[in-house]
Each structure stands twice: as C-alpha cells, then as structure tokens.
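Before any comments, here is the structure.
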Amino acid sequence: MDAIMALCKRRGFIYQASEIYGGINGFWDYGPLGAQLKKNLRDAWWQDMIMNPAWGKRGPDGEKVRCVPLETCIIQHPKVWEASGHVAGFNDPMVQCTEEGCNKLFRADHLDAMLKESEWVRSLHDAVGPTAHGGKELLDTIAKWGSKSGKKLAPNLLIVRNFKFAMQQLEREYSFGNFTFSDVRYLAGAVAGLSVHQVSSGVKPCPVCGGMLSEPRQFNLMFDTITGAVRDPANKVYLRPETAQGIFVQFKNVVDTTRVRIPFGIGNTGRSFRNEVTPRNFTFRSREFEQAELEFFCHPDESHAWYKFWRDFRMEWWKSIGLAGENLILREHDKDELSHYSVGTSDVEYRFPFTAPGFGELEGIAHRGNYDLTQHQTHSKAKMEYFDTTRGETLPNGGKKGERYIPHCIEPAAGLDRGALALICEAYTVDPSRPSPEFLKLHPRVAPIKAAIFPLMDKDGLPEIAEKLADELFAKFGRSGFIEHDAKQNIGKRYARMDEAGCPYCFTIDADTVKDQTVTVRDRDTGSQQRIAIDKVSGFLLEKLGG
RNA sequence: GAGGGCGUAGCUCAGUGGUAGAGCGACACGUUGCCAACGUGUAGGUCGAGGGUUCAAGCCCCUUCGCCCUCUCCA
C-alpha cells in the first residue's frame, strides 16, 4: 500500500490536503491525473445509471429502466436530518475503558450486545449456569472462576485484582435483592465489583478486560455550521452525511414537474461529510468524500425484484470498469447487521491491500422500504404518496381505478473516492522483469491519460508530425482524458512514465513514419508493439477506448 | 480519545552532540535512437513546527501537527 500511495503522489493522482501546512487529518486532494480519473469514474456512473440506466437492460417489469438526475444542496434544512434519523443516530455516545493497557473504545448502545459476546462473560456464564440458584454454592463457583478462568480472560476484574474485597462486596450486595444472574449484566457487574444499584443504572464493565469504563462521551459525527450574518446557535445547520436525503426531500417535486412514472430512479452525485472518529486507510475513510447515489422508487410488491436487479447490475458495472478479479465480492448483509430502516442490504466490497484478507465497502445496495419518504411525510406534513394510474381495479371504460401508496426505495450508493482508490489498487501491478516494473493497468474507459504521442527523436521533422497527430487525437478524445505529447528524454523513460500514469497506448513517430506514414503503437500491459498507418490511429483508439 | 511506530532534497533513505550527505528523479548540453541507457554540468534543505538544555542540537528534553498500525463507526 505504501508503494501505491507513493505512486499516487509521484504521478499526481492524490495529494494530502493542505500539505504545506502540515496536512489535515481525513482530507485528501486529487492531483491532475486523480481529478481526471475520478471524473471519468463519475461520468461512467452518470452515463450507465442515469442517461442509459443499466446499459439499456430491461428491468423486472420488462420495461426499460428510467432515471433522472438531480443536484441537491450540501446544506439542507436541519429538520431533514431529524427526520432521517441522523441527528439522533449520528451522535453515538462512546465509552472508553479506563484501564491502562486496554483503553478500548465502544459505542455505548452496543455494550450490552458486546458483553453477551465477551469471552470472559461467556466463560463466567457457563461456569455459573447450573448452580445459578444456590447461595453459598454459587459464591464458591464464582470465587473459583475468578481465581482461574477470570484471571486469564479478564485481568482487570475486581475479583481478580482484589479477591477478598470483591468477595465481601459480592456477598453483601448480591445475597438478596431484585436481580437475577441469568441476566448477564448482573453476573458480569458482580465480579467487576459493581453494586446492584450501579448495574441497574446502566454501569457496565469492559467487555474485553473487565475494567472500569469512562462516562459516555458524545461523538459528533455530523459537521455543523451556522447560517446567517449573525452567529446565532439557533441557526445551526449540518453538512450532509449522505446525498440521499436531498433526493427524498425533492421526490415530490420531481414527480410533479417531470413526466416520470413509477418505477423510476433519481440520481445525485456530490460531496458528503462525516466527522469520522478515526479517518484511516488513505482516502478510504475520509471526512469529506463524494458519493454517487441512485434512489430507485417502485411499488412495494416489486421492490424485492428491483433490489435484486440493482444489486446484480452494480456488481456487473464495477467489473466492467476494471475490477474484474477475485478482489471484488458481493456480500449480502446478515439480518442483525441491517440498519434500522432496511429490510435488505448487500455490499459490493473490494479487497484493498489494507483490508486484505478482508474486504472494504465500495457501494451499499440497500432496500430502504418506504422508511425515508414516510419519515419526511411525518416530519414535514407534506404528502409523499404517489398516485399510480396503472394499478387498481379495471374500470368499465377500460382504464384503471388507480392506487395510492408511498413508494419503496432501492438505494445503490457508491463511494466515488473509494471507487477511484479501488481502481488504482486493482490496476497497480509490479513486474520485475519489465524495464518499468511498476505500472497501472487502468481500464481505458477510466484512464486519465488516453494516449501519448512521442517523436522518437526531437529533430528531423518528427516533433512536427507528432504534434499534428496529438492535436487530432485531442480534438477527438480530449473530453475524456489527456493526450500527452512529449519529446524529451529517451523513449524508455517516456514509456515508463506513461506506464505509471496508466496510459493504455503510446504512439511513436520515427524515421520510417516520414517514409511510409506508419507509427508504432505500444501496448501498456504487454509492452508489445505493432505498426499501423498514421491515419488509422484515431480509429484504433476509438475502438480500444470503447467510444 | 488510548497505545505503538514514523517524520532529513521531488522520491527512497544514511547520518548516536562538532562544516547537511548518497542513490534515484528533475533541468541543461552532448552522444545514442524503441523500453527508467551513457557522459558533463546545474538547481534543489529554516532536518515536520514551536520552545528548552548546551560553547555547540538533525541527534538530548518538553509541547504540537501530520502519516501508518490497533480499538469504535461507515459510503
């Protein structure tokens, strides 16, 4: 990964944001090649998801898939985020273990579940299980566990650290009262030295070491700022943590002002912001990032078919732009992993060098039901119902009576920065047998440099021929990427530079070109060469770039 | 937020208190003319930042910023 990061900087793909001021954690800038690579990725998404959705495939209803674009604001009305659940859900209280050498960090609302899964709690539970009712016998069992398994699994439990004191307290606190050891919270609390009262009021031991936890602290996962000329906290607004809500909020307008009919999708690309606890892994977890989200609205009865449709297509799509290998997987979420609103979610995941052998999420395809539209209808009082004139019982005149419903929504939400990073990681290849061992096998469709034109020598009229060819190619392909033109230095170095930049084809003008109007085409991935007529170059490139 | 590692030329790094270094890269000129080639030369550094100790700090101490790894979260 270090080699990839070094190449990204060396060739101008990705720089650290504000680098000359020491950088700023969780923010990254794209250099010239990175900016173009990401634009190509965004354009490919726009083309294949909105302009020609799913490559013109027919959906589960047998019709062509219809989608429209939208561009909504980063700052929305604060109530949008109350309705969406982000104000509540994105302010998770965190607790931290205070024991030296542990200091683990947990989400407070996950603690109960983590305690149940905790190794030492399970061991204790197993030991105590059969004798859970006996008074003296139970104390003996716990004491025995504390001096053996407890010592090994949870060194910071009170019963391990101060056995005598812990046992005294246990006897005093837990010999009577309204609690039961079949509730692991009390069982775990007892050996950690917590009183019944403390456990009842929510105090818990560390699931890892059994030590004391800090008070819950608020972690602010949404960035906020203040609108208006006067700095008044009453005017607090948030930077969006996802683009999706802008789409839901404008759903009604899109339906009312365009001729879309259910089923259809609304796509939106743009920046989102999350104040990540720990930005990490290069651009993978950034605090400012770009999403490409489609919200696809359909009738509840068809929602599962559409969910499968988009899940499968999104997987195919990522393959089509170069993530074709074993590093790409589709993973269906387990039931207990689903968000509170979701009835089904799968992730397109890529095996990044820093996640290997595990995978990191590129895109989530979520079946969101009608959660979001319903939430906004409740909070805003605006009707989100759709009147579907193709449904309902048939009328005598042959028309349909119609049906009102709040549409269900399938959300394929891709991370463009993660996508760009995955493309780079997948493309990065090292072959020590090549003169230029490091190169990027970028798919021609996303490659930021589409072609390079080199005069073999910087004299004898060759530069002029090269320049003319470069101008021609630029006119035809310049919208989708750079056409490089370089006459300096020996040809090997120029090829090597293009290899690192991921340029798929180099065209070289030599002395023969002057005689027979042919040029050399060099293929980046194989290094092989062939001669073609100079007037066939743009046709060759058109075919290779796929339009 | 806690722990660990790191920060010296564009890049990779050497430099254990006494004149700021190497290789690669960049640039110029020359030779060669299809794969990071050769020769000559040039430019490039407040040693991440701030403070302290010392006659003297890249090196020792304190603070701070950033990166990487681990813990939590996620597109």
Side-chain angles (χ1 to χ4, degrees), chain A residues 1-3 5-7 9-12 16-27 89-90 92-111 114 206-208 214 217 219 221 241-244 272-287 289-293 339 347-349 354 360-366 411-419 421 434-439 454-460 462 488-500 506 508-512 519-522 527-529 531:
Chain A
M1 194 61 213
D2 288 347
M5 289 172 71
L7 187 147
K9 180 170 182 194
R10 187 165 71 238
R11 290 297 164 212
Q16 191 181 16
S18 310
E19 193 185 83
I20 61 168
Y21 288 99
I24 173 164
N25 196 1
F27 297 89
F90 265 54
D92 301 314
M94 309 287 283
V95 292
Q96 184 163 24
C97 180
T98 57
E99 305 299 337
E100 203 141 329
C102 182
N103 293 116
K104 296 276 190 296
L105 194 65
F106 309 100
R107 260 179 68 166
D109 60 329
H110 285 181
L111 264 184
M114 294 187 75
C206 172
V208 175
S214 69
R217 277 192 306 246
F219 271 70
L221 261 54
E242 62 172 18
T243 56
S272 293
F273 303 82
R274 291 183 194 179
N275 190 15
E276 296 289 349
V277 180
T278 314
R280 236 192 351 205
N281 290 335
F282 203 21
T283 59
F284 184 77
R285 181 173 291 124
S286 304
R287 289 186 164 136
F289 58 100
E290 185 166 352
Q291 296 182 299
E293 293 195 289
S339 320
D347 287 343
V348 176
E349 297 189 332
F354 48 78
E361 183 176 356
L362 270 191
E363 167 160 357
I365 299 102
E411 175 196 82
L416 288 182
D417 306 271
R418 289 181 174 188
L421 184 59
R434 287 166 60 113
S436 53
E438 276 183 294
F439 64 111
F454 299 145
L456 188 58
M457 298 157 272
D458 194 11
K459 59 184 180 190
D460 302 337
L462 304 188
K488 301 281 182 188
Q489 294 189 319
N490 78 64
I491 195 72
K493 277 189 191 177
R494 285 180 274 170
Y495 285 154
R497 244 200 305 273
M498 287 303 110
D499 283 348
E500 281 199 340
C506 296
T508 303
I509 316 295
D510 59 18
D512 288 347
V519 299
T520 306
V521 187
R522 174 184 176 276
S528 65
Q529 300 188 351
R531 283 199 87 84

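Computed from heavy atoms alone, side chains included, the values below leave out hydrogens, waters and symmetry copies. So you know, we letter chains A, B, ... as the sequences are listed, proteins then strands, and number each from 1.
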Validation row: [X], [Y] side chains within 4.5 angstrom (heavy atoms):
{"X": "A/S272", "Y": "A/F289", "value": "yes"}
{"X": "A/R418", "Y": "A/F284", "value": "yes"}
{"X": "A/R522", "Y": "A/T508", "value": "no"}
{"X": "A/Q489", "Y": "A/R497", "value": "yes"}
{"X": "A/R274", "Y": "A/E242", "value": "yes"}

Give the nucleotide from the list B/C68, B/U72, B/G10 with an atom nearest to the side chain of A/R285.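 Closest nucleotide to the A/R285 side chain: B/U72.
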Please give the distance between the [atom1] atoms of [N] and [M] as a whole number of Å.
{"N": "B/G48", "M": "B/C68", "atom1": "C1'", "result": "16 Å"}
{"N": "B/C60", "M": "B/U16", "atom1": "C1'", "result": "10 Å"}
{"N": "B/A36", "M": "B/G25", "atom1": "P", "result": "11 Å"}
{"N": "B/A28", "M": "B/A43", "atom1": "C1'", "result": "10 Å"}
{"N": "B/A22", "M": "B/A14", "atom1": "C1'", "result": "7 Å"}
{"N": "B/C24", "M": "B/A9", "atom1": "C1'", "result": "12 Å"}
{"N": "B/C13", "M": "B/C73", "atom1": "P", "result": "33 Å"}
{"N": "B/G58", "M": "B/G18", "atom1": "C1'", "result": "13 Å"}

Using both distances under 3.5 Å as the test, list the Watson-Crick or G-U wobble partner of [N], or none.
{"N": "B/G45", "result": "none"}
{"N": "B/U70", "result": "B/A2"}
{"N": "B/U16", "result": "none"}
{"N": "B/G30", "result": "B/C38"}
{"N": "B/G7", "result": "B/C65"}
{"N": "B/G58", "result": "none"}

Taking 4.0 angstrom as the limit, do A/R10 and A/E438 come out as a salt bridge?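 A salt bridge links A/R10 with A/E438.
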Which part of the nucleic acid, if any, lies within contact of [X], taking any heavy atom under 4.0 Å across all strands shown: a base, the sugar-phosphate backbone alone, or nothing?
{"X": "A/A413", "answer": "sugar-phosphate"}
{"X": "A/F284", "answer": "base"}
{"X": "A/L416", "answer": "nothing"}
{"X": "A/G26", "answer": "sugar-phosphate"}
{"X": "A/F27", "answer": "nothing"}

Below 4.0 angstrom from OP1 or OP2 of B/C69, is there any side-chain N or O of A/N281?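 Yes.
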Tell me whether the side-chain N or O atoms of A/R274 pair up with the base of B/C74 as donor and acceptor below 3.5 Å, since no angle test is needed here.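 No pair found.
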On a heavy-atom basis, which atom in A/P241 and which in A/Q291 lie closest, and how many Å separate them?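 Minimum heavy-atom contact is O-OE1, 4.3 Å.
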CZ of A/F282 versus P of B/C67: gap in Å, rounded?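 So the CZ-P distance, A/F282 to B/C67, works out to 12 Å.
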Could you tell me how far apart A/R418 (CZ) and B/C73 (P) are, to the nearest whole angstrom?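 The answer, rounded to whole Å, is 14 Å.
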Are any side-chain N or O atoms of A/D347 and backbone N or O atoms of A/E349, one a donor and one an acceptor, separated by less than 3.5 Å?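 Absent.
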Starting from the 5' end of RNA chain B, give me the residue, A/R287 or A/K9, whose nearest nucleotide shows up first.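 With A/R287 and A/K9 compared, the 5'-side residue is A/K9.
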Going 5' to 3' through nucleotides 24-39 of chain B and flagging B where a protein heavy-atom sits under 4.0 Å of the base, S where only the sugar-phosphate is that close, and - otherwise, we get -SSSS----BBBBB--
Of A/D460, A/T520, A/I491, the residue whose pairing with A/D510 passes side-chain contact (heavy atoms from CB on, under 4.5 Å):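 Answer after filtering A/D460, A/T520, A/I491: A/T520.
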